**Student:** 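Attaching a single structure in structure tokens format; questions to follow.
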Amino acid sequence: MRNDIPLTVVGNLVEDPELRFTPNGVPVARFTIASTPRTYDREADAWRDGEPTFLDCTAWRYLAENLAASAGKGARLVVTGRLRTDRWETPEGEKRSKMVMDADEVGASMTFATVTIVRTPRGAPPREAAPDDPWTTASPTRPEPSAATGATDPPF
């Protein structure tokens, strides 16, 4: 195992997942979940919501497509994955960073909802490494098959 930081977060989707495709046709979905802690206030005899934590997440390949087809804004999800730090520099030269999560698994929380599971008819996805910044070249449409290869199926 690498020196990843494994994490499981339960929260609600802030917006519908955004599905895009890399130039090679690999699906990638970006989504944000909000997790809000609740505590019981004995003096007021009531539950109180704390400050929400927003976490940007990225899902790849079949997970990305299934997530985009299955979950929408407000859906309560259980997301497991690995934390990493995105670093960039502003046009003014200031260095910035934020923590993001690369999702390995996403499931619906059944605490307040029921779920019907429908298996998608696909083979196992390839195990290749994802690029560091998928959004610099991602497109909302799947690229056409390469004429040179004559491929009719996406390359993932």
Side-chain angles (χ1 to χ4, degrees), residues 1-39 48-113 115 120 122-149 151 153-156:
M1 176 170 202
R2 301 181 314 195
N3 291 329
D4 294 330
I5 302 172
L7 181 68
T8 299
V9 178
V10 178
N12 294 61
L13 274 175
V14 174
E15 297 177 332
D16 291 344
E18 181 183 356
L19 180 65
R20 292 191 175 237
F21 297 89
T22 66
N24 291 335
V26 178
V28 58
R30 177 183 280 176
F31 61 102
T32 302
I33 59 171
S35 182
T36 306
R38 295 193 86 203
T39 56
R48 301 270 186 230
D49 286 341
E51 286 296 315
T53 298
F54 296 90
L55 184 60
D56 291 334
C57 303
T58 304
W60 289 88
R61 297 178 182 74
Y62 296 139
L63 177 59
E65 291 182 305
N66 291 339
L67 174 64
S70 303
K73 180 179 178 178
R76 188 164 177 83
L77 300 177
V78 179
V79 183
T80 63
R82 293 157 281 114
L83 273 183
R84 66 178 167 82
T85 304
D86 265 355
R87 291 182 170 83
W88 69 96
E89 194 170 307
T90 66
E92 294 80 26
E94 297 174 351
K95 294 184 179 189
R96 301 283 172 97
S97 66
K98 71 174 180 176
M99 298 300 293
V100 295
M101 181 179 200
D102 287 328
D104 293 325
E105 298 286 339
V106 178
S109 171
M110 291 186 264
T111 302
F112 304 110
V115 175
T120 55
R122 297 182 179 142
R127 296 284 183 191
E128 59 187 66
D132 282 348
D133 189 4
W135 295 97
T136 57
T137 57
S139 164
T141 57
R142 188 184 303 268
E144 293 297 320
S146 170
T149 62
D153 291 328
F156 55 90

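Everything quoted here is computed from the prediction, not taken from an experiment.
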**Student:** Just how far is it from atom CZ of R30 to atom CG of L67, taken to the nearest 0.5 Å?
**Tutor:**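 Answer for the CZ-CG pair, R30 versus L67, is 13.5 Å.
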**Student:** Below 4.5 Å, heavy atoms only, C-beta onward: do M101 and F31 meet side chain to side chain?
**Tutor:**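 No - every pair of side-chain heavy atoms lies 4.5 Å or more apart.
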**Student:** What closest approach, in Å, do G72 and L13 show between heavy atoms, and which atom pair accounts for it?
**Tutor:**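 So the two residues come closest at O-CD1, 3.3 Å.
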**Student:** Taking all atoms of both residues into account, what is the closest heavy-atom pair of T36 and P52, and its distance?
**Tutor:**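 Smallest heavy-atom distance, with atoms named: OG1-CB, 3.4 Å.
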**Student:** Salt bridge check, D104 against R82: does any charged N sit closer than 4.0 Å to a carboxylate O?
**Tutor:**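 D104 and R82: salt-bridged.
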**Student:** Do you know the tightest heavy-atom contact between A108 and L77?
**Tutor:**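 So the minimum-distance heavy-atom pair works out to CA-CD2, 4.2 Å.
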**Student:** Counting only heavy atoms from other residues, nucleotides and ligands, does the tally under 6.0 Å from CZ of R38 exceed 12?
**Tutor:**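 Yes, enclosed.
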**Student:** If you count the non-hydrogen atoms of other residues, nucleotides and ligands that lie under 6.0 Å from CD in E51, is the total more than 12?
**Tutor:**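 It does not: E51 CD has 12 such atoms or fewer within range.
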**Student:** Where is the tightest heavy-atom contact between A29 and A64, given as atom of each residue plus distance?
**Tutor:**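 In terms of heavy atoms, the two residues are closest at N-CB, 3.5 Å.
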**Student:** Distance check, rounded to the nearest 0.5 Å: I5 atom CD1 versus T85 atom OG1?
**Tutor:**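 Spacing of CD1 (I5) from OG1 (T85) equals 7.0 Å.
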**Student:** So, for V10 and S35, which heavy atoms are closest and what is the spacing to 0.1 Å?
**Tutor:**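 Between these two residues, the closest heavy atoms are O-OG, 3.0 Å.
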**Student:** State, with a plain yes or no, whether a side-chain heavy atom of P6 is found less than 4.5 Å away from one of T80.
**Tutor:**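 When only atoms from C-beta onward are counted, T80 and P6 do not touch, as no gap falls below 4.5 Å.
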**Student:** So, taking the atom named CG in D56 and the one named CE in M99, what distance separates them when rounded to the nearest 0.5 Å?
**Tutor:**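 Here the interatomic distance stands at 11.5 Å.
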**Student:** Out of curiosity, L7 CG to L83 CG, how far, rounded to the nearest 0.5 Å?
**Tutor:**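 So the CG of L7 and the CG of L83 are separated by 4.5 Å.
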**Student:** Identify which one of V100, V14, V79, V9 satisfies the side-chain contact (heavy atoms from CB on, under 4.5 Å) criterion when paired with L55.
**Tutor:**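 That would be V9.
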**Student:** Side chains of V26 and R61: closer than 4.5 Å at any heavy-atom pair?
**Tutor:**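 Of all side-chain heavy-atom pairs linking R61 with V26, at least one is under 4.5 Å.
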**Student:** Please check if the side chain of N12 supplies one atom and the backbone of G74 the other of a donor-acceptor pair under 3.5 Å.
**Tutor:**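 Yes; judged by distance alone, with no hydrogens or angles, the pair exists.
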**Student:** List the steps and the verdict of side-chain contact (heavy atoms from CB on, under 4.5 Å) for T32 and E15.
**Tutor:** CA-CA 7 Å; T32 302; E15 297 177 332; over 6 Å; no
**Student:** Look up atom CZ in R96 and atom CZ in R87, then write down how far apart they are to the nearest 0.5 Å.
**Tutor:**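 It is 14.5 Å, given to the nearest 0.5 Å.
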**Student:** With a 4.5 Å limit on heavy-atom distance, are the side chains of R84 and T58 in contact?
**Tutor:**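 R84 reaches T58 side chain to side chain.
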